[in-house]
Amino acid sequence: MAVKSAGGGKYRKMSMSPKEYQAFAKTREPSRSIFGNCIRAFIVGGAICLLGQAIQQLFIHLAHMKPEDASNPTVAVLIILSVILTSLGVYDKIAQFAGAGSAVPVTGFANSMCSAALEHRSEGLVLGVGGNMFKLAGSVVVFGTVAAFFVGIAHLIFGTGGAH
């Protein structure tokens with residue numbers, strides 16, 4: 001590692017062991033408040049869930065839907081809002097503030113897919129946007145399918161599911 005000397009433009013070799021470098025880097029690292037992070041995550045995640053509940057209530061009362069029928073359009077609205085906020089750069093600011101609180105499953109997943117699509121849009125619609133957007137979705141679908149398979153096998157073996 002080379003460091004500029006105080007006397008001029010010359011560089012002098014700086015030799016640090018990995019342990020010394022880690023100790024040096026730790027002194028420069030900003031401190032993080034775990035309690036504060038948890039509070040922010042709880043508040044923002046709760047606000048996203050509260051917004052979802054409010055949207056569902058609007059569908060129930062204004063469109064006269066049953067609660068189980070209102071859940072699908074509620075999820076769709078949350079996904080659309082997440083994609084719009086991601087496209088405008090707002091969701092990233094929320095995520096920086098809230099951390100894990102912004103990773104509420106529906107909105108966090110939509111944000112991940114939209115971010116991947118935006119990041120690769122210069123490569124074209126098919127290979128850039130489409131190809132990279134579904135990299136994340138593919139792994140989630142595969143995991144969900146494999147998990148459902150094993151849960152189904154467990155139900156079959158232990159006799160806990162299905163009609164008798």
Tabulate below the donor-acceptor pairs under 3.5 Å that side-chain atoms of residues 44-56 make, not counting sequence neighbours, or state none.
residue, atom, partner, partner atom, Å
Q56, NE2, P67, O, 3.0

Smallest separation among heavy atoms of G99 and S102, with atom names: O-OG, 2.9 Å
Same apolar cluster: L81 and V90, side chain cutoff 4.5 Å: no
Heavy-atom donor-acceptor pair, Q22 side chain to K19 backbone, under 3.5 Å: no
Rounded distance (nearest 0.5 Å) linking atom OG of S87 with atom CG of D92: 10.0 Å
Single-linkage hydrophobic cluster, 4.5 Å side-chain cutoff, F97 and L88 together: yes
Minimum side-chain heavy-atom gap T107-I79 below 4.5 Å: no
Single-linkage hydrophobic cluster, 4.5 Å side-chain cutoff, F158 and F150 together: yes
Min side-chain heavy-atom separation N37-R40 under 4.5 Å: yes
Gap between atom CE of M65 and atom OG of S71 - 0.5 Å precision: 9.0 Å
Heavy-atom closest contact (D69 atom, P73 atom, distance): O-CD, 3.2 Å
V106 reachable from V77 in the ILVMFWY side-chain graph, under 4.5 Å edges: yes
Within 6.0 angstrom of I153 CD1, more than 12 heavy atoms from elsewhere: yes
Any donor-acceptor pair under 3.5 Å from Y91 side chain to I84 backbone: no
Donor-acceptor contact present, side-chain T86 to main-chain S82, <3.5 Å: yes
